[in-house]
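Per chain, numbering begins at 1; letters A, B, ... match sequence-line order.
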2 protein chains.
Amino acid sequence: MRLLLVEDEPQMADALATALHQYDIIADHAPTLDFARSAVAEHVHDMIVLDRQLPDGDGLALIRHLRSIGATVPVIVLTARGSLADRVSGLDLGADDYLSKPFALEELLARIRALMRRPAAVAPIVAKLGRLEFSLDNREARVAGKILDLPRRELLVLETLIRRQGRTVLRAALEEAVYAFDDEIQSNALDSHVSRLRKKLADAQAGVEIHGIRGVGYLLRPVA
Amino acid sequence: MRLLLVEDEPQMADALATALHQYDIIADHAPTLDFARSAVAEHVHDMIVLDRQLPDGDGLALIRHLRSIGATVPVIVLTARGSLADRVSGLDLGADDYLSKPFALEELLARIRALMRRPAAVAPIVAKLGRLEFSLDNREARVAGKILDLPRRELLVLETLIRRQGRTVLRAALEEAVYAFDDEIQSNALDSHVSRLRKKLADAQAGVEIHGIRGVGYLLRPVA
DNA sequence: TTGCGCGCAATGATGCCGTAATGTTGATCG
DNA sequence: CGATCAACATTACGGCATCATTGCGCGCAA
């Protein structure tokens with residue numbers, strides 16, 4: 001486990017580094033954004049702990065940089081600014097966790113452990129299949145940059161299929177993903193959504209098709 | 001995206017449910033631990049938002065239950081107890097995030113979005129034989145990464161054979177696995193399925209064959 | 001109010017599956 | 001050793017459940 005610590009205050013950095021050391025976590029220390037950028041270019045880290053307030057800019061710029069080059073490394077953001085808007089914007093920018101100073105070291109370590117546990121820690125934020133791109137972030141489906149305008153239920157169907165990209169989704173599983181307990185259905189409503197979604201995918205030349213497997217379920221796959 | 005909300009206060013539950021609705025998240029509501037337990041037993045959720053203080057116990061018991069059965073669903077814990085020890089113990093018990101009340105709805109939603117970004121975990125391949133891979137989880141067979149498009153009954157036959165891989169399966173046992181009590185058959189329907197399945201396995205170059213043993217049953221084995 | 005999404009239901013198409021006919025294999029016994 | 005028969009294999013076929021598609025009307029939301 002190798003971690004990049006981006007923090008300009010020496011005190012905080014030292015305290016963290018020694019604490020991490022006790023958990024057998026290798027910590028690289030970057031005091032500035034610039035340093036951090038070259039660090040991620042040269043090494044692959046399993047996790048990044050990132051202060052927002054750095055001498056040469058806002059730490060979030062690093063997240064933007066990482067995500068733009070497709071890096072999916074988990075990031076925990078530390079900040080003195082504790083405002084709600086800050087936290088929300090940080091999380092929505094791709095941070096996996098957000099902690100306001102002052103915080104207890106123990107809590108940070110626990111949150112690091114929680115992120116470390118996650119097996120497939122990370123995966124691309126946009127899933128691609130055929131000419132279709134689906135952003136898990138804001139749940140937008142695009143073909144050649146153009147947003148597919150899909151109603152709620154159809155979007156849910158597509159989201160579910162693409163999350164299990166390439167794998168079969170049992171009919172019952174799809175139904176569960178789209179309907180809650182109390183708005184169960186007693187018709188082939190699901191089929192209609194699939195059908196309408198198929199038409200839209202075809203019209204948009206998405207390069208994917210929803211393949212039905214009789215008696216089993218559905219499968220999203222690139223068109224032959 | 002389907003979420004289980006475990007929360008006993010109706011106010012909080014309602015507020016969350018309507019907020020989630022706007023994000024096209026299907027939310028099931030469980031007011032008690034007991035209810036939550038049966039909900040996770042019957043349905044598969046992509047995420048769980050869990051209050052610790054419930055009428056019939058500590059919410060963390062649900063996490064323990066989930067992890068003990070191997071479920072890796074992400075969990076966000078909500079709590080009125082804001083002590084450091086609580087947060088750390090919650091995280092170390094398998095929670096993915098931990099939020100102390102009172103919190104802003106916006107922040108919870110942002111943290112939900114952060115967890116949602118990750119796609120569903122890949123289903124483990126439990127069985128491999130020859131060039132054939134079979135995932136018991138979502139019941140699909142692959143050869144060289146490509147899904148074999150098999151109808152229900154043939155899938156059942158293959159699943160049964162591969163579960164007992166290497167060992168012979170009595171004809172009667174295979175029949176029981178493929179047919180329920182009430183839809184018994186009076187012909188060699190099973191033979192036809194085996195035959196059709198054989199053809200598909202051969203066409204796909206699966207590297208396995210169904211070997212028939214006269215008077216006994218069948219056996220799935222790698223092709224010589 | 002006006003649209004649009006959604007559940008519903010009717011209709012048409014598809015292809016799975018049980019049946020049975022026919023061919024093939026292998027064991028048993030004269 | 002070969003005749004015989006039972007067990008298994010394969011294939012065609014038709015019924016019918018399942019799926020696909022589409023129009024309709026209700027209801028919610030702008």
Side-chain angles (χ1 to χ4, degrees), chain A residues 139 141 148-161 168-203 209-221 223, chain B residues 17-19 21-24 26 139 141 148-161 168-203 209-221 223:
Chain A
R139 310 182 55 257
L148 276 193
D149 192 13
L150 297 176
R152 181 180 138 85
R153 295 289 197 214
E154 291 173 38
L155 197 61
L156 280 167
V157 169
L158 182 60
E159 179 191 1
T160 306
L161 289 175
T168 62
V169 178
L170 301 184
R171 187 193 181 79
L174 190 56
E175 226 163 280
E176 290 219 339
V178 177
Y179 295 96
F181 303 143
D182 40 2
D183 54 26
E184 307 227 343
I185 49 171
Q186 36 185 320
S187 74
N188 60 349
L190 185 62
D191 300 61
S192 1
H193 292 304
V194 169
S195 177
R196 287 189 266 256
L197 180 55
R198 271 190 179 125
K199 183 160 176 45
K200 282 168 191 164
L201 289 175
D203 287 352
E209 63 182 5
I210 300 178
H211 177 64
I213 302 175
R214 231 158 227 268
V216 182
Y218 292 93
L219 165 64
L220 188 68
R221 67 179 183 194
V223 63
Chain B
T18 52
H21 187 75
Q22 298 206 315
Y23 285 95
D24 286 352
I26 307 296
R139 301 163 39 84
L148 277 193
D149 193 353
L150 297 177
R152 198 167 94 253
R153 294 244 122 105
E154 291 173 36
L155 204 60
L156 281 167
V157 170
L158 183 59
E159 180 186 359
T160 307
L161 289 175
T168 65
V169 178
L170 299 184
R171 187 190 182 79
L174 192 54
E175 229 163 278
E176 284 202 2
V178 176
Y179 293 96
F181 304 113
D182 44 358
D183 54 23
E184 307 228 342
I185 49 172
Q186 36 185 320
S187 75
N188 62 346
L190 186 61
D191 300 61
S192 351
H193 290 304
V194 169
S195 176
R196 287 189 270 251
L197 180 54
R198 272 189 178 126
K199 182 160 176 43
K200 280 171 190 163
L201 288 176
D203 287 351
E209 63 181 6
I210 300 177
H211 178 65
I213 302 173
R214 240 182 144 71
V216 183
Y218 292 94
L219 165 65
L220 187 69
R221 67 179 184 194
V223 64

Spacing between B:D149 atom CG and C:dT14 atom C1', to the nearest angstrom: 13 Å
Distance below 4.0 Å between A:Y218 side-chain N/O and D:dA20 OP1 or OP2: yes
Positive for side chain to side chain contact (heavy atoms under 4.5 Å, CB included) with B:V178, one of B:E159, B:E154, B:R153: B:R153
B:H193 vs C:dG18: side-chain N/O to OP1/OP2 distance below 4.0 Å: yes
Euclidean distance, atom CZ of residue A:R152 to atom P of D:dA30 [Å, nearest integer]: 13 Å
Given C:dG5, C:dC16, C:dA9, the nucleotide with the shortest approach to the side chain of A:P151: C:dG5
CG (A:D149) with more than 12 external heavy atoms under 6.0 Å: no
Euclidean distance, atom CD of residue B:Q186 to atom C1' of C:dA21 [Å, nearest integer]: 16 Å
Touch class at under 4.0 angstrom, heavy-atom based, for A:R214 against every strand present: base
Atom-pair distance (CZ on A:R153; C1' on D:dG27), nearest Å: 14 Å
Nucleotide C:dG23, atom C1' - distance to CG of B:N188 in whole Å: 13 Å
d(CZ, B:R198; P, D:dT10) in whole Å: 5 Å
Base of D:dT22 paired with side chain of A:D191 (donor-acceptor, under 3.5 Å): no
